[in-house]
Enquirer: 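Let me begin by handing over the structure; questions about it come next.
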Number of protein chains: 2
Amino acid sequence: MSSSSAASIGQPPPPAPPPEEEKKCLNSELWHACAGPLVCLPTVGTRVVYFPQGHSEQVAASTNKEVDGHIPNYPNLPPQLICQLHDVTMHADVETDEVYAQMTLQPLNPQEQNDAYLPAEMGIMSKQPTNYFCKTLTASDTSTHGGFSVPRRAAERVFPPLDFTQQPPAQELIARDIHDVEWKFRHIFRGQPKRHLLTTGWSVFVSAKRLVAGDSVLFIWNEKNQLLLGIRHATRPQTVMPSSVLSSDSMHIGLLAAAAHAAATNSRFTIFYNPRASPTEFVIPLSKYIKAVFHTRISVGMRFRMLFETEESSVRRYMGTITEVSDADPVRWPSSYWRSVKVGWDESTAGERPPRVSLWEIEPLTTFPMYPSLFPLRVKHPWYSGLACLYHVESKISVVGAISLHYCC
Amino acid sequence: MSSSSAASIGQPPPPAPPPEEEKKCLNSELWHACAGPLVCLPTVGTRVVYFPQGHSEQVAASTNKEVDGHIPNYPNLPPQLICQLHDVTMHADVETDEVYAQMTLQPLNPQEQNDAYLPAEMGIMSKQPTNYFCKTLTASDTSTHGGFSVPRRAAERVFPPLDFTQQPPAQELIARDIHDVEWKFRHIFRGQPKRHLLTTGWSVFVSAKRLVAGDSVLFIWNEKNQLLLGIRHATRPQTVMPSSVLSSDSMHIGLLAAAAHAAATNSRFTIFYNPRASPTEFVIPLSKYIKAVFHTRISVGMRFRMLFETEESSVRRYMGTITEVSDADPVRWPSSYWRSVKVGWDESTAGERPPRVSLWEIEPLTTFPMYPSLFPLRVKHPWYSGLACLYHVESKISVVGAISLHYCC
DNA sequence: TTGTCTCCCCAGGGGAGACAA
DNA sequence: TTGTCTCCCCTGGGGAGACAA
């Protein structure tokens with residue numbers, strides 16, 4: 001009955017207004033910050049390569065169910081589909097704030113594929129904001145007693161400066177989350193020794209977002225002087241529920257049948273890419289694919305580097321050696337470049353690294369100059385339609401070979 | 001740091017133990033009570049009719065997205081598939097407690113269909129427990145001040161009797177929910193005038209189950225002297241989130257492709273039936289289908305009755321008139337019996353009643369005696385394989401015509 | 001009979017510095 | 001510099017009867 005007269009600090013924020021336009025763009029900086037430093041989205045209007053195999057991996061990870069034998073074969077569905085990327089929209093799960101992207105793809109028809117020339121179409125670099133910080137929550141941060149301890153340098157860099165003539169110095173922070181919901185916090189500099197703390201408003205945020213120790217929060221102070229606030233839940237095992245809408249088998253079939261149908265009719269189809277659930281990106285820029293598959297020679301025994309995200313959401317290189325080049329799934333997906341490289345990892349933490357990677361994920365240490373490789377790595381395999389045309393593309397590549405191709409991510 | 005020494009009343013119950021066996025049967029009484037009085041599940045081992053069209057309706061309702069034009073046609077997928085029902089398991093969503101059933105179906109091959117005779121295979125009547133009560137929560141029940149007001153007759157009938165020599169009479173109730181999690185409540189008879197209340201433990205339950213005014217709780221006192229506790233969330237609009245795993249288009253395609261593949265290979269497939277999300281049951285006992293389609297004559301203008309669940313989760317008959325008999329979706333599903341009857345409803349609350357129903361849902365007021373109708377209603381339509389064989393079945397039906405066929409539900 | 005209100009009282013949580021890693 | 005602990009104080013919620021629909 002109490003009329004909420006004042007939107008005072010510490011009040012739970014009103015629920016997000018119902019999205020009038022579903023397509024409403026959410027903040028791209030924040031999305032990328034939540035997605036992590038290695039995630040990049042291809043540019044709208046460019047051509048990409050879609051791997052149903054990788055999509056299948058994501059669905060398997062999301063439904064906690066590996067694909068089994070009951071899936072029909074789609075003989076007309078190649079392991080990779082070259083597509084026009086018509087649309088990319090960024091989203092975040094309303095319940096969990098988990099970021100994901102929706103992409104509308106249209107497989108090229110053979111004619112279009114032959115018309116192709118190699119553009120310098122790379123993805124949008126996952127532009128990590130400059131003025132931001134990310135902290136993994138401690139037990140104290142999430143406990144019922146007290147607020148959030150802000151790392152000193154982070155507070156000084158990212159938060160608006162405090163008026164230190166006050167005793168103690170304090171201010172109200174207003175930050176918007178990925179759904180554009182406003183959260184208010186009391187930011188105070190106190191204690192002995194002095195430290196930055198978020199007090200009032202913090203516990204409401206923690207419980208609303210269901211944060212626990214080990215999860216991360218990140219604050220961004222952008223060019224428009226907006227304070228943005230994102231979360232990253234720690235990758236809890238078994239966090240994704242199997243849907244009660246459709247069996248995981250039917251989901252797998254749906255993904256494959258939708259892609260096969262789109263390929264057969266050259267019509268658009270829609271996929272979701274879930275960066276933090278999916279083991280690997282399965283829609284990559286065509287140019288990145290071409291560079292990796294046709295312009296990089298690799299061989300067994302070759303050393304390589306590969307980027308991974310660290311616990312603290314920065315980037316680290318891991319070293320490894322190529323041990324084999326073969327089909328990841330010779331039965332279902334013969335002659336696929338998806339995870340065609342079997343690798344060994346230098347470090348003993350290799351349990352967390354994938355045993356198989358794709359060519360475009362790795363950076364071989366011995367590189368060849370950028371000229372068309374007339375003898376691609378795996379000539380023994382028959383070429384699929386999508387690949388056959390790429391051959392023709394290559395002769396044009398040499399012309400534009402001087403153009404510096406920069407990796408996405 | 002406080003060691004939880006006592007599992008005293010009012011403590012939040014421990015989280016459900018990780019299900020060691022996914023297939024673990026949950027309480028059937030409770031499942032049916034939560035599902036509602038009209039829901040029945042076909043018996044394992046019997047034959048059923050599966051309607052991809054109805055399944056599609058459920059997926060559309062669950063994803064909040066109607067099927068649009070991008071769905072490929074599956075010319076070999078008939079509007080109804082006669083299947084052997086190999087397995088039915090009852091489940092409840094871990095997050096929301098929403099009940100659903102998983103069924104494993106295997107389409108009969110033509111040979112099996114011809115071998116068919118009409119068994120008296122009806123579904124398991126949704127056995128509503130005798131000793132139970134269901135109450136829609138009031139604002140006071142869910143407010144932070146005070147507990148749950150138990151209707152007097154309900155408390156006397158369903159709860160263990162109180163010792164009225166005590167002042168005030170009170171006891172500890174232990175009830176198990178659908179996940180077999182224990183909840184403890186203080187049951188007390190006090191106030192002026194006297195009434196039954198659940199106090200300690202109630203608010204923990206309300207917040208754990210995220211109950212709000214308008215939702216319902218139900219208590220069952222079964223033959224084994226167990227107290228069971230179920231919830232039914234009010235049908236909130238837009239409650240089901242669109243999944244970020246697979247696009248709704250791909251889900252629709254998946255459902256159809258999975259059924260088509262199973263029909264083509266006579267292999268098993270798995271579906272989820274979500275009684276409270278799905279507009280109508282889409283897996284029904286074969287015998288019920290045959291009786292409705294072949295042994296009931298209906299015509300335009302005919303009056304009929306149909307059962308609906310009321311707000312208070314009891315059953316009510318609504319009256320209507322048949323206005324048309326036609327295909328619900330002539331383009332995608334021609335010659336389908338799914339919602340082939342267009343109806344008008346007597347009451348002005350007709351907005352909530354469906355404009356189209358299926359034959360087996362209604363009870364025509366003018367019934368004909370039970371003999372084979374040699375001229376089924378819609379002879380103009382070509383018969384699908386699944387139906388053609390039913391013709392042959394009919395001659396055998398007449399032999400067993402004396403067997404009383406009782407409706408499921 | 002039962003839904004809502006108000007009142008009372010206390011447990012638990014927010015907010016502070018102490019202290020140590 | 002910052003994570004954890006403890007202490008203090010106060011709010012918000014549980015638990016009671018009053019009262020009315």
Side-chain angles (χ1 to χ4, degrees), chain A residues 1-2 4 8-12 133-157 166-170 172 184-208 212-214 216-217 312, chain B residues 1-2 4 6 8-12 133-157 167-170 172 184-208 212-214 216-217 312:
Chain A
M1 294 286 168
S2 67
S4 61
S8 65
I9 198 169
Q11 295 263 5
F133 78 90
C134 176
K135 187 192 175 189
T136 301
L137 298 178
T138 65
S140 298
D141 288 331
T142 53
S143 89
T144 53
H145 285 260
F148 173 66
S149 184
V150 190
R152 186 162 184 229
R153 290 163 195 291
E156 289 168 352
R157 187 160 38 82
Q166 290 178 41
Q167 208 43 246
E172 185 184 51
K184 294 179 183 172
F185 304 102
R186 179 171 167 83
H187 170 205
I188 194 166
F189 186 74
R190 63 161 171 82
Q192 198 49 253
K194 294 271 181 278
R195 88 280 309 276
H196 290 269
L197 295 164
L198 298 187
T199 56
T200 312
W202 174 252
S203 72
V204 177
F205 179 74
V206 167
S207 54
V212 298
S216 304
V217 293
E312 305 82 34
Chain B
M1 292 287 167
S2 68
S4 62
S8 65
I9 198 169
Q11 295 264 8
F133 77 92
C134 176
K135 186 193 176 190
T136 301
L137 298 178
T138 66
S140 298
D141 289 330
T142 53
S143 89
T144 53
H145 286 260
F148 173 66
S149 184
V150 190
R152 185 163 185 231
R153 289 164 196 290
E156 289 168 351
R157 187 160 37 84
Q167 208 44 246
E172 185 183 53
K184 294 179 184 173
F185 304 102
R186 178 171 166 83
H187 169 207
I188 194 167
F189 187 73
R190 63 162 172 81
Q192 197 49 254
K194 295 269 180 279
R195 89 279 310 274
H196 290 270
L197 295 164
L198 298 187
T199 57
T200 312
W202 174 252
S203 71
V204 176
F205 179 73
V206 166
S207 54
V212 297
S216 305
V217 292
E312 305 81 34

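What you see is a predicted model, and the numbers here were worked out from it, not measured in a lab. Lettering follows sequence order; numbering is per chain, from 1.
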Enquirer: For D:dC7, which nucleotide in any strand shown is its Watson-Crick or wobble partner with both distances under 3.5 Å?
Expert: C:dG15
Enquirer: How would you label the contact of A:Lys194 with the nucleic acid (heavy atoms, under 4.0 Å): base, sugar-phosphate, or nothing?
Expert: base
Enquirer: Of all the heavy-atom pairs spanning B:Ile188 and B:Ala170, show the shortest one and how long it is.
Expert: CG1-CB, 3.8 Å
Enquirer: Expressed in angstrom and rounded to an integer, what is the separation of A:Leu197 atom CG from D:dT1 atom C1'?
Expert: 12 Å
Enquirer: Taking only the side-chain nitrogens and oxygens of A:Arg152, find out if one of them lies under 4.0 Å from OP1 or OP2 of D:dT1.
Expert: yes
Enquirer: Send over the distance from B:Phe189 CZ to D:dG17 C1', rounded to a whole Å.
Expert: 14 Å
Enquirer: Which pair of heavy atoms, one from B:Leu197 and one from B:Ser149, lies closest together, and at what distance?
Expert: CD2-CA, 3.7 Å
Enquirer: May I ask you to verify whether the side chain of A:Arg195 and the base of D:dG3 hold a donor-acceptor pair under 3.5 Å?
Expert: yes
Enquirer: What is the distance, rounded to the nearest whole Å, between atom CG of A:Leu198 and atom P of D:dG3?
Expert: 13 Å
Enquirer: How close or far is atom C1' of C:dA16 from atom NE2 of A:His196, stated in whole angstroms?
Expert: 17 Å
Enquirer: Consider the side chain of A:Thr200, meaning its heavy atoms from C-beta on, and name the nucleotide among C:dT4, C:dG15, C:dG17 that approaches it most closely.
Expert: C:dG15
Enquirer: Scan A:Pro193 against the nucleic acid and name what it touches under 4.0 Å (heavy atoms): base, sugar-phosphate only, or nothing.
Expert: base
Enquirer: What is the separation between atom CD1 on B:Ile188 and atom P on D:dG17, rounded to the nearest whole Å?
Expert: 8 Å
Enquirer: May I have the distance from A:His187 (atom NE2) to C:dG15 (atom P), rounded to whole angstrom?
Expert: 14 Å
Enquirer: What contact category does A:Arg190 fall into here, base, sugar-phosphate, or nothing, at under 4.0 angstrom with non-hydrogen atoms?
Expert: base
Enquirer: In whole Å, I'd like the distance from the CZ atom of A:Phe133 to the P atom of D:dT1.
Expert: 15 Å
Enquirer: Short of 4.0 Å, heavy atom to strand atom, which residues of residues 138-150 of chain A count as contacting DNA chain C?
Expert: A:Thr144, A:His145, A:Gly146
Enquirer: Roughly how many Å is it from CZ in B:Phe185 to P in D:dG15, rounded to a whole number?
Expert: 12 Å
Enquirer: OP1, OP2 of D:dG14 versus side-chain N and O of B:Thr199: anything below 4.0 Å?
Expert: no
Enquirer: Short question: side chain of A:Asp141, backbone of A:Ala213 - any donor-acceptor pair under 3.5 Å?
Expert: no
Enquirer: Donor-acceptor pair, A:Arg195 side chain versus A:Pro193 backbone, under 3.5 Å?
Expert: yes
Enquirer: Taking atom CD of B:Glu172 and atom NE2 of B:His187, what is their separation to the nearest 0.5 Å?
Expert: 12.5 Å
Enquirer: Determine the interplanar angle of the B:Phe148 and B:Trp202 rings, folded into 0 to 90°, and report it as parallel if under 30°, tilted if 30 to 60°, perpendicular if over 60°.
Expert: parallel
Enquirer: Name the pairing partner of D:dA21, where a pair is Watson-Crick or G-U wobble with both distances under 3.5 Å, or state none.
Expert: C:dT1
Enquirer: Where do A:Lys194 and A:Gln167 come nearest, in terms of heavy atoms and distance?
Expert: CE-OE1, 4.4 Å
